[in-house]
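These notes are about the structure you will find just below.
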Amino acid sequence: MWENRSRLIFMSSMLLSGALFVQMGLYLLHMVSGWDVKYNVLELCHSVIGRLGFQWMGYALNVLVLHAFLYSVWYCVRQLVLSERFYRRLLKNRDDAMADELNGAYAHGKAYITVVQSSAPMAFAMGLVRPRIVISTGLIDMLDEQELQAVIYHERFHQMHGDPLKTFLLSLAASVMWYLPILKSSQHNYKIIREVLADKYAIGKQGASVYLGGALLKLLQSKTAAAVPMAHVSFADTSVNYRIRHILEPGSDIPLKWPFTPAVVSVQTLLLICAMFMVVLH
């Protein structure tokens, strides 16, 4: 059930934002090259706005489209730069001996886990193309063997399913298309569901929830967590209340909050675009 929910949220968000982004691309192509794009929604909106005498709104639409593309480029470039800088910093402080030990125990000898020497407890999955798990020596010292195993299984789930890339795409869509607030709500709910699924995976691998709960409690009590400046999926910074409830009551369903207002505003925005499309065609 939780897997179906996460798949539905991700696919619907990507379809909605992707369709609108394609329309923006076609409209931008029309603006730059003068190419006559048939049945482009944004071009139709611009045409209707001009016929109604609100020419300034047409200019505002142009600014909105240009902003979307420029912001998308900036967002992606910034992410790549921050990721590269942060990963280089991690490599300077890596503990290869401990990493080899953990990879041998939990990754079948493959180099999925990077261990860094840091007093701050860290555990997260990072990497948009080839995700990997990062664990700090501070976390290893803080947890016992079973608790560390629970954390690694949790992050292994994120790493296997490419969650850093998926959460990055949802964050990008929600930031660029701020006028569709349902995307922001979907991003929030998706992160909650993925954390619950990762917890379920870890609990299933160990056969008990006590180790995962112990690790989560120790990380919450720690006040030395390091900030990670790029797209990642961390063990203890998302949906803690939902996860604690799930650990205490593994068989219970956790009702997500589906905001009514963002959904209504998003639907109204899309209906307005469709209405303009129909007016011009008829």
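Sequential numbering from 1 along the given sequence is applied to the chain's residues.
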Compare every heavy atom of [Y] with every heavy atom of [X], then report the nearest pair and how far apart it is.
X: L219; Y: P121; value: CD2-CB, 3.6 Å
X: L139; Y: M122; value: CD2-O, 3.4 Å
X: A123; Y: V151; value: CB-CG1, 3.5 Å
X: R132; Y: A111; value: NH2-O, 3.1 Å
X: S13; Y: L170; value: CB-CD2, 3.6 Å
X: L183; Y: L16; value: CD2-CD2, 4.1 Å

Would you indicate whether the side-chain heavy atoms of [Y] and [X] approach each other to under 4.5 Å?
X: M177; Y: Y179; answer: yes
X: Y106; Y: R156; answer: no
X: Y211; Y: I203; answer: no
X: Q187; Y: S171; answer: yes
X: V115; Y: R94; answer: no
X: I135; Y: V116; answer: no

Other residues, nucleotides, ligands: >12 heavy atoms within 6.0 Å of K166 NZ
yes

For Y153, does the OH atom sit with more than 12 other heavy atoms under 6.0 Å from it, leaving out its own atoms?
yes

Is the Y71 ring parallel, tilted or perpendicular to the W74 ring (thresholds 30°, 60°)?
tilted

Are F168 and Y75 an aromatic pair, judged by ring center distance below 6.0 Å?
yes

Run the ring pair (Phe, Tyr, Trp, His ring centres under 6.0 Å) test on F21 and F69 for me, step by step, so that the C-alpha distance in whole Å, both residues' side-chain angles and the decisive distance to 0.1 Å come before the verdict.
CA-CA 9 Å; F21 203 77; F69 274 89; 4.6 Å; yes

Residues E3, R194: salt bridge by 4.0 Å N-O rule:
yes

